[in-house]
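These numbers come from a predicted model, not from an experiment.
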Amino acid sequence: MSQASHHVVVVGAGFGGLEFTRALAGAPVRITMIDKRNHHLFQPLLYQVATTALATSEVAWPIRHLLRKRKDVTTLLANVTGVDRAGKRVLLDDGSAVAYDTLVLATGARHAYFGHDEWEPFAPGLKTLEDATTIRRRILLAFEQAERETDPAKRQALLTVAIVGGGPTGVELAGTIVELAHDTLRGEFRNIDTRQTRVVLIEAGDRILANFAPKLSDYASKALERLGVTVELGRAVTRCDAEGVVFGDKQLAARTILWAAGVAASPAAEWLGAKADRAGRVLVEPDLSVPGSPEIFVIGDAALVLRPDGRPVPGVAPSAKQEGRHVAATIKAKLGGDTAARPFRYKHAGDLATIGKRAAAIDFGWIKLTGWLAWWLWGIAHIYFLIGFRNRLAVSLSWLWIYATGQRSARLITQGDDDKT
């Protein structure tokens with residue numbers, strides 16, 4: 001097989017898959033990009049769609065548009081159901097298949113409920129645009145129903161939001177929701193005072209933002225409490241249902257429950273019949289290839305990649321992009337006749353989390369920042385990584401408007417099948 005006919009199939013147009021495709025530009029290959037959605041999602045800002053700060057179009061872009069100038073790339077909207085390793089084919093749900101010479105799986109992660117999948121209808125997670133609009137709908141509908149509720153206990157349950165998980169997503173959701181209730185919606189209702197909304201952040205560990213330095217975790221807890229968030233530590237959730245949550249020996253009546261506690265990898269390991277860890281991440285070789293199949297690579301949240309000290313590479317956008325670039329360089333080297341081992345080396349860029357519209361925590365290792373300056377740096381970093389000038393401008397203006405007025409423009413309730421809150 002000649003190099004010019006070498007066919008690379010990429011499954012997943014997230015950060016890793018898209019960065020890989022960009023980095024492979026100029027290589028003598030044909031590329032097929034497969035994704036079950038037609039858009040690339042800037043997931044770090046997805047919580048702002050869920051909390052009415054941004055519109056869906058400001059954090060997602062059509063894959064075909066992003067790759068329109070790449071004549072070497074064919075984009076397919078399709079749902080992958082498996083991989084035929086022996087036949088080198090990617091299997092699709094319509095019964096068809098796509099043959100490959102090299103396969104890159106960048107299929108991301110999904111929600112994990114620690115063996116309690118029955119909790120998902122009551123506690124949606126936040127991974128897709130559909131998740132974000134579902135959460136936004138539930139939050140806004142809870143206020144609407146509270147306006148009509150005459151029973152004080154039921155009204156307070158409608159005005160209570162429980163967030164399970166104290167990582168960056170949980171912290172960012174908590175801070176933004178309390179500001180939505182206390183600032184944006186204040187004065188818009190006649191029968192309820194939205195400032196009576198209670199936001200409870202539940203973390204099973206002994207501190208929130210466990211990947212950050214302890215002093216930053218402490219800062220974040222105090223910043224949330226100043227906003228009005230109740231932070232509950234050291235108690236794991238043992239029940240989620242339509243009435244609320246149970247954690248430790250406490251029962252909390254809450255009609256809105258949001259899940260930010262755990263993730264599991266996509267079914268990539270199942271498709272490959274490969275070894276995986278408890279979260280379903282494929283145990284890859286140092287060069288990110290699958291054991292026994294050097295022509296298959298797994299990157300991003302779907303892969304378990306270990307650092308030299310034995311700790312796993314975190315499942316964040318920068319690591320997925322680094323892995324994508326590494327695999328692209330490896331494939332280019334192989335096509336050029338260089339078969340030397342190329343182990344992946346992760347460079348940690350730091351951890352960031354925002355707490356409302358005026359505070360944030362940033363841990364770069366060598367420097368740690370909090371407060372107003374950290375919030376501005378967090379914003380600048382996220383705007384920089386958005387795609388396109390229009391989106392950078394739109395998001396910047398939206399944030400400045402919220403900062404100055406407290407008003408959020410994306411507060412439309414779009415109906416869905418889950419409107420049962």
Asker: Using every non-hydrogen atom in the two residues, find where H40 and L66 come nearest and quote the distance to one decimal.
Answerer: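 Heavy atoms only, the tightest pair is CB-CD1, 3.7 Å.
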Asker: Would a distance-only check, ignoring hydrogens and angles, find a side-chain to backbone donor-acceptor pair under 3.5 Å from E225 to V231?
Answerer: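 Between the backbone of V231 and the side chain of E225 there is no qualifying donor-acceptor contact (under 3.5 Å).
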Asker: State the CD-CG distance between E203 and L209, to the nearest 0.5 angstrom.
Answerer: 9.0 Å
Asker: Does the D277 side chain pair with the main chain of R281, one donor and one acceptor, at a distance under 3.5 Å?
Answerer: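 It does hold such a pair.
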Asker: Decide yes or no on side-chain hydrogen bond (donor to acceptor under 3.5 Å, both in side chains) for H7 and T32, but give the supporting numbers first.
Answerer: CA-CA 8 Å; H7 186 206; T32 298; 2.7 Å; yes
Asker: Without swapping roles, check the side chain of S289 against the backbone of E285 for a donor-acceptor pair under 3.5 Å.
Answerer: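 Here the side-chain-to-backbone pair does not exist.
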Asker: Please evaluate residues D287 and R342 with respect to the criterion salt bridge (Lys or Arg N to Asp or Glu O under 4.0 Å), reporting the C-alpha separation (whole Å), side-chain torsions for both, the decisive distance (0.1 Å), and the verdict.
Answerer: CA-CA 6 Å; D287 67 349; R342 299 176 59 87; over 6 Å; no
Asker: In Å and rounded to the nearest 0.5 Å, what is the CD1 to CD1 distance from I257 to I135?
Answerer: 12.0 Å
Asker: Taking E130 first and then R37, would you say they form a salt bridge - that is, a charged N and a carboxylate O separated by under 4.0 Å?
Answerer: yes
Asker: Identify whether the distance between the nearest side-chain nitrogen and carboxylate oxygen of K222 and D218 falls below 4.0 Å.
Answerer: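 Yes, this pair counts.
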Asker: Please say whether more than 12 non-hydrogen atoms of neighbouring residues, nucleotides or ligands are located less than 6.0 Å from NZ in K332.
Answerer: yes
Asker: List the steps, then state whether ring pair (Phe, Tyr, Trp, His ring centres under 6.0 Å) holds for W378 with W399.
Answerer: CA-CA 12 Å; W378 174 92; W399 285 353; 5.3 Å; yes
Asker: Within a reach of under 6.0 Å around CD of E295, are more than 12 heavy atoms found that belong to other residues, nucleotides or ligands?
Answerer: yes
Asker: Judged by atom type as modelled, is there a donor-acceptor pair below 3.5 Å linking the side chain of E58 to the main-chain atoms of A55?
Answerer: yes
Asker: Establish, yes or no, whether the cationic atom of R89 lies under 6.0 Å from the six-membered ring centre of Y100 and within 45° of the ring axis.
Answerer: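 Relative to the ring axis of Y100, which defines the angle, R89 lies outside at least one limit.
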Asker: For residues 104-111, dump all side-chain donor-acceptor pairs below 3.5 Å to protein atoms at least two apart in sequence or in another chain.
Answerer:
from : atom 1 : to   : atom 2 : distance (Å)
T107 : OG1    : S266 : OG     : 2.4
R110 : NE     : A265 : O      : 2.9
H111 : NE2    : D131 : OD2    : 3.2

Asker: Measure from the side-chain N and O atoms of T52 to the backbone N and O of Q48, and report whether any donor-acceptor pair falls under 3.5 Å.
Answerer: no
Asker: Under a 4.0 Å threshold between the charged nitrogen and the carboxylate oxygen, would E179 count as salt-bridged to K357?
Answerer: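 Salt bridge: no.
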Asker: Quick check against the 3.5 Å criterion: does E323 have a side-chain atom that pairs as donor or acceptor with the backbone of I299?
Answerer: no
Asker: Does the plane of the ring in F42 sit parallel, tilted or perpendicular to the ring in H382? Use 30° and 60° as the thresholds.
Answerer: perpendicular
Asker: Any side-chain to backbone donor/acceptor pair from Y47 onto A132? Under 3.5 Å, distance only.
Answerer: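 The answer is no, because no donor-acceptor pair under 3.5 Å joins these two groups.
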Asker: Rounded at 0.5 Å granularity, tell me how far CG in L369 sits from CG in D363.
Answerer: 9.5 Å
Asker: When you compare the side chain of E172 with that of T51, does any pair of heavy atoms fall below 4.5 Å?
Answerer: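 The answer is no, as the side chains (C-beta and beyond) never meet within the 4.5 Å cut-off.
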Asker: Can you name the salt bridge (charged side-chain N to carboxylate O under 4.0 Å, His left out) partners of R198, sequence neighbours left out?
Answerer: none
Asker: Does G310 offer a backbone N or O that forms a donor-acceptor pair with the side chain of R307 under 3.5 Å?
Answerer: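 Checked: no pair found.
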Asker: I need the T194 OG1 to L159 CG distance, nearest 0.5 Å.
Answerer: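 Output value for this atom pair is 8.5 Å.
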Asker: Should the heavy atoms of other residues, nucleotides or ligands under 6.0 Å from CZ of R68 be counted, would the total exceed 12?
Answerer: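 Counting neighbours around CZ of R68, more than 12 heavy atoms of other residues, nucleotides or ligands fall under 6.0 Å, so yes.
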